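On a predicted model such as this, the values are computed, not experimentally measured, just so you know.
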Amino acid sequence: MTERLINLWDIGNVVDRVVTNQVYSINDLKRNQIETYFDERYADIEVLADSQNIKRGI
């Protein structure tokens, strides 16, 4: 019985580590997606700012 409790304890620790690693991975992916989005919007703004139509106020 004690051995079974130890195994359950070990499994719980492994599950905690796996879930924590997954949360960190998701965090990294989402952060990269947000950074990419804003980098792309900034590039769009730069293109628009250089547009002759925008400079002429059309």
| In Å, rounded to the nearest 0.5 Å, how long is the span from CD1 of Ile26 to NZ of Lys30? | 8.0 Å
| Nearest 0.5 Å, what's the CZ-CG distance between Arg41 and Leu48? | 10.5 Å
| Do the side chains of Arg56 and Asn53 get nearer than 4.5 Å, heavy atoms only? | yes
| Say you draw a straight line from CG of Asp44 to CZ of Phe38; how long is it, rounded to the nearest 0.5 Å? | 12.5 Å
| request: Apply the side chain to side chain contact (heavy atoms under 4.5 Å, CB included) test between Val15 and each candidate in Val18, Val19, Asn13; give the one that qualifies. | output: Val19
| message | Return the CZ to CD distance between Arg31 and Gln33, rounded to the nearest 0.5 Å. | response | 11.5 Å
| For the side chain of Asn27 and the backbone of Val23, is there at least one donor-acceptor N/O pair under 3.5 Å apart? | no
| remark: Between the CG atom in Asp39 and the CG atom in Asn32, the distance rounded to the nearest 0.5 Å is 10.0 Å
| said: So, taking the atom named CD1 in Ile34 and the one named CG in Leu29, what distance separates them when rounded to the nearest 0.5 Å? | reply: 11.0 Å
